Amino acid sequence: MPYVDRQNRICGFLDIEEQEGSGKFLRRYFILDAGQQGSLVWYMDNPQNLPIGAACQGSLKLTYISKVSDATKLRPKAEYCFVINAGMRKFFLQANDQQDLVEWVNALNNATKITVPKPCEASHAGELHRGPCEGQAFRKQVSYKTEIIGGVPIITQTQQEGVDGQNGGEREALKRAHSQHPYRTAQEQAVLKAGYCVKQGAVMKNWKRRYFILEENSLSYFKSDLEKEPLRVISLKEVHKVQECKQSDIMMRDNLFEVVTSSRTFFIQADSPEEMHSWIKAVSGAIVAQRGPGRTAASMRQARRHSNPCIQRYWARVAEGSTYKGRTNTETLTLKK
């Protein structure tokens with residue numbers, strides 16, 4: 001979903017057909033600046049994750065845009081596709097889901113001062129567009145999606161999910177997490193959430209995009225979704241808390257959250273505020289499900305300490321000593337009487 005960054009710009013990931021008519025969509029990070037710049041710019045990744053002064057992949061002045069509209073009829077194989085008409089050129093872009101498409105089209109229309117239909121007209125138009133789509137909901141169409149992994153464009157097929165298309169991206173990530181990691185046993189394959197985030201390194205403090213997989217007992221991250229061996233596995237037993245990062249202003253990072261463990265705090269950046277809250281909710285829910293309601297990390301550590309045989313023997317001796325001492329005092333009182 002597009003979000004507003006700290007510079008009041010609309011940002012988010014989209015797939016763009018950079019070469020018109022090629023049919024190949026590349027994953028890019030878009031910044032819509034409706035202020036003094038008045039432009040739509042796209043990069044290989046979030047500029048916060050790129051070297052300082054990295055050049056953009058393309059840009060478009062908002063004054064050149066004449067119309068932004070849905071393009072599902074023009075490109076039936078590209079789901080959630082919309083088109084930007086700019087002079088003699090048409091830019092075709094793919095959103096992540098239907099809501100993402102609507103929000104980007106509205107944002108571009110507002111930025112370019114294009115008249116936006118009234119709510120009643122928009123709803124009526126939505127019903128007209130929804131009619132044929134519902135008829136095709138049961139027919140799966142093959143579409144192509146391109147992701148940038150390690151600087152290399154990877155083209156993969158995605159299946160249109162019909163009426164459940166809004167959650168298609170997340171389901172696709174979970175399916176890929178299951179299929180790409182066959183070394184896991186059936187018991188370990190309960191993937192709760194999967195997707196790309198940007199993580200800060202422990203030593204160099206640099207930021208790199210990693211593929212995260214949340215399972216019932218652990219949070220793992222990989223170099224990419226094609227790798228089988230994780231770079232690290234974080235046990236949920238060691239996680240004290242997961243929360244939105246309070247140092248995001250100092251680090252100059254949007255959508256930043258932290259996973260606090262006994263040995264280290266992991267700073268992780270999501271692609272949007274919705275994704276950040278989704279990860280926080282998913283990890284927190286997995287921790288609660290593992291420990292049980294009302295049990296914190298401190299209570300779990302205390303329970304493990306009390307379950308230690310050495311500590312149990314110690315408390316047994318203390319209890320025996322207090323009983324013996326109490327019995328001696330009673331006998332002394334009896335003799336005095």
Side-chain angles (χ1 to χ4, degrees), residues 1-2 10-33 39-47 49-50 54-109 111-112 114 129 132-133 136 139-162 165 168-169 172-173 175-176 180 195-196 209 211 224-226 271:
M1 298 295 173
I10 298 177
C11 308
F13 280 96
L14 291 169
D15 295 344
I16 182 172
E17 185 186 49
E18 292 187 336
Q19 295 182 2
E20 188 175 1
S22 64
K24 294 182 179 180
F25 287 80
L26 303 176
R27 191 74 165 170
R28 297 288 183 256
Y29 185 84
F30 283 77
I31 297 177
L32 174 60
D33 189 352
S39 61
L40 177 66
V41 186
W42 54 96
Y43 295 83
M44 289 284 292
D45 195 359
N46 189 331
N49 306 323
L50 298 176
C56 63
Q57 295 297 114
S59 63
L60 180 63
K61 286 288 185 181
L62 298 182
T63 54
Y64 295 160
I65 298 177
S66 59
K67 186 179 180 181
V68 183
S69 59
D70 193 319
T72 52
K73 292 184 179 180
L74 297 176
R75 295 295 175 87
K77 291 186 178 181
E79 57 183 356
Y80 314 125
C81 184
F82 65 96
V83 60
I84 299 177
N85 293 274
M88 301 297 293
R89 173 73 193 274
K90 291 183 178 181
F91 294 88
F92 289 90
L93 300 99
Q94 269 187 296
N96 298 314
D97 52 43
Q98 185 63 31
Q99 184 180 353
D100 192 32
L101 182 150
V102 172
E103 291 185 5
W104 270 110
V105 171
N106 290 338
L108 288 166
N109 283 337
T112 54
I114 297 176
H129 284 295
C133 291
Q136 298 175 2
R139 286 190 303 177
K140 293 186 177 181
Q141 296 181 346
V142 178
S143 60
Y144 297 89
K145 186 175 183 179
T146 303
E147 296 177 336
I148 304 299
I149 301 175
V152 180
I154 305 298
I155 302 174
T156 56
Q157 287 188 358
T158 59
Q159 291 293 334
Q160 186 175 357
E161 294 296 334
E172 180 188 343
K175 287 181 181 179
R176 188 166 61 244
Q180 295 289 346
Y196 277 95
R209 184 169 290 274
Y211 188 73
S224 73
D225 61 341
L226 301 178
D271 291 338

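All residue numbers refer to positions in the sequence shown, counting from 1. Note that the structure is a prediction, hence the values are computed from the model and not measured.
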| Looking at Lys24 and Asp15, does any basic side-chain N land under 4.0 Å from a carboxylate oxygen? |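 A salt bridge is absent here (no side-chain N lies under 4.0 Å from a carboxylate O).
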
| query | Do the charged groups of Glu18 and Arg28 touch, with an N to O distance under 4.0 Å? | reply |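 Salt bridge: yes.
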
| Yes or no on side-chain contact (heavy atoms from CB on, under 4.5 Å) for Phe13 and Arg27, after CA distance, side-chain angles and deciding distance? | CA-CA 7 Å; Phe13 280 96; Arg27 191 74 165 170; 3.6 Å; yes

| request: Decide side-chain contact (heavy atoms from CB on, under 4.5 Å) for Phe92 and Leu74; before the verdict, give the C-alpha distance in whole Å, the side-chain angles of both, and the deciding distance to 0.1 Å. | output: CA-CA 10 Å; Phe92 289 90; Leu74 297 176; 4.1 Å; yes

Locate the shortest heavy-atom distance separating [X] from [Y]; write the atom from each residue and the value.
{"X": "Arg209", "Y": "Asn49", "value": "NH2-ND2, 4.1 Å"}
{"X": "Ala107", "Y": "Leu32", "value": "O-CD2, 3.8 Å"}
{"X": "Leu62", "Y": "Thr112", "value": "O-CG2, 3.5 Å"}
{"X": "Cys11", "Y": "Ile31", "value": "SG-CG1, 4.1 Å"}
{"X": "Phe91", "Y": "Ala86", "value": "CE1-CB, 4.1 Å"}
{"X": "Leu50", "Y": "Ala54", "value": "CB-CB, 3.9 Å"}

| field | Residue pair Asp225, Tyr196: steps toward the side-chain hydrogen bond (donor to acceptor under 3.5 Å, both in side chains) verdict | value | CA-CA 8 Å; Asp225 61 341; Tyr196 277 95; 3.0 Å; yes

| Are Asn85 and Val68 close enough that some pair of their side-chain heavy atoms sits under 4.5 Å apart? |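 Side chain of Asn85 against side chain of Val68, heavy atoms only: no contact under 4.5 Å found.
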
| Candidate pair Arg75 and Asp70, rule salt bridge (charged side-chain N to carboxylate O under 4.0 Å, His left out), full reasoning | CA-CA 10 Å; Arg75 295 295 175 87; Asp70 193 319; over 6 Å; no

To the nearest 0.5 Å, tell me how far [X] [atom1] sits from [Y] [atom2].
{"X": "Trp104", "Y": "Phe82", "atom1": "CH2", "atom2": "CZ", "result": "7.0 Å"}
{"X": "Leu40", "Y": "Asp33", "atom1": "CG", "atom2": "CG", "result": "10.0 Å"}
{"X": "Leu108", "Y": "Lys67", "atom1": "CG", "atom2": "NZ", "result": "14.5 Å"}
{"X": "Glu103", "Y": "Asn96", "atom1": "CD", "atom2": "CG", "result": "11.0 Å"}
{"X": "Cys81", "Y": "Leu101", "atom1": "SG", "atom2": "CG", "result": "8.0 Å"}
{"X": "Ile16", "Y": "Phe25", "atom1": "CD1", "atom2": "CZ", "result": "9.0 Å"}

| message | The test is side-chain contact (heavy atoms from CB on, under 4.5 Å); show your working for Tyr80 and Thr72 and say whether it passes. | response | CA-CA 7 Å; Tyr80 314 125; Thr72 52; over 6 Å; no

| Tyr43: partners by ring pair (Phe, Tyr, Trp, His ring centres under 6.0 Å), with sequence neighbours left out | none

| task | Could you walk me through whether Arg89 and Glu20 pass the salt bridge (charged side-chain N to carboxylate O under 4.0 Å, His left out) test, one step at a time? | result | CA-CA 8 Å; Arg89 173 73 193 274; Glu20 188 175 1; 3.2 Å; yes

| Short question: side chain of Ser224, backbone of Leu226 - any donor-acceptor pair under 3.5 Å? |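 A pair under 3.5 Å: yes.
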
| task | Determine yes or no for a side-chain-to-main-chain donor-acceptor pair under 3.5 angstrom, with Glu17 supplying the side chain and Gly23 the backbone. | result | yes

